[in-house]
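In what follows, a structure is listed as structure tokens, so that the remarks can point back to it.
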Amino acid sequence: ISAIKRHVDTFMEQLIALEGKSEGKSFEEHPRLPAILHHNQFVKETFSKVKQNLDGAVAEMGGPANGGGDQWGGDEWNGGEWPAEEYNQEYAYME
């Protein structure tokens, strides 16, 4: 979940930055700009819905909605504690 969440968060930031770059641009000079802005708004709304779902999933896992780690990374799982018991059960065959 964390990799997808990072992708969504980063992409949303990029869309916002691109939106800022369009301010003050002439539609006559850049005739495709309205279509690009419309497309980017659609993508931003879609990613916003995905972000809400991901935040809910992370919260259900017991981690902070804005965390960036994964199940074993320690910053979303079990309040930052290493899940030793779960890890040992999952990877016991490797020892």
Please list, chain by chain and in numerical order, all residues satisfying side chain to side chain donor-acceptor pair (under 3.5 Å) with E19, sequence neighbours excluded.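 In terms of side chain to side chain donor-acceptor pair (under 3.5 Å), with neighbours along the sequence ignored, E19 is linked to K44.
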
Pairing residues for E23 by the side chain to side chain donor-acceptor pair (under 3.5 Å) criterion, not counting sequence neighbours: none

If I take atom NZ from residue K51 and atom OG1 from residue T46, how far apart are they, to the nearest 0.5 angstrom?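 K51 NZ to T46 OG1: 15.0 Å, rounded to 0.5 Å.
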
Is the shortest heavy-atom distance from the side chain of F47 to the side chain of H7 under 4.5 Å? yes

Measure the shortest side-chain to side-chain distance between K5 and D55 over non-hydrogen atoms and say whether it is less than 4.5 angstrom. yes

Using a 6.0 Å cut-off, check whether atom CD1 of I4 has over 12 heavy atoms from anything other than its own residue. no

Does NE2 in H39 sit with more than 12 non-hydrogen atoms of other residues, nucleotides or ligands closer than 6.0 Å? no

M12 reachable from F42 in the ILVMFWY side-chain graph, under 4.5 Å edges: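 In one cluster: yes.
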
Single-linkage hydrophobic cluster I36~F11, side-chain heavy atoms < 4.5 angstrom: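 No, no single cluster joins them.
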
Transitive ILVMFWY cluster of L37, excluding itself - 4.5 Å side-chain cut-off: F27, L33

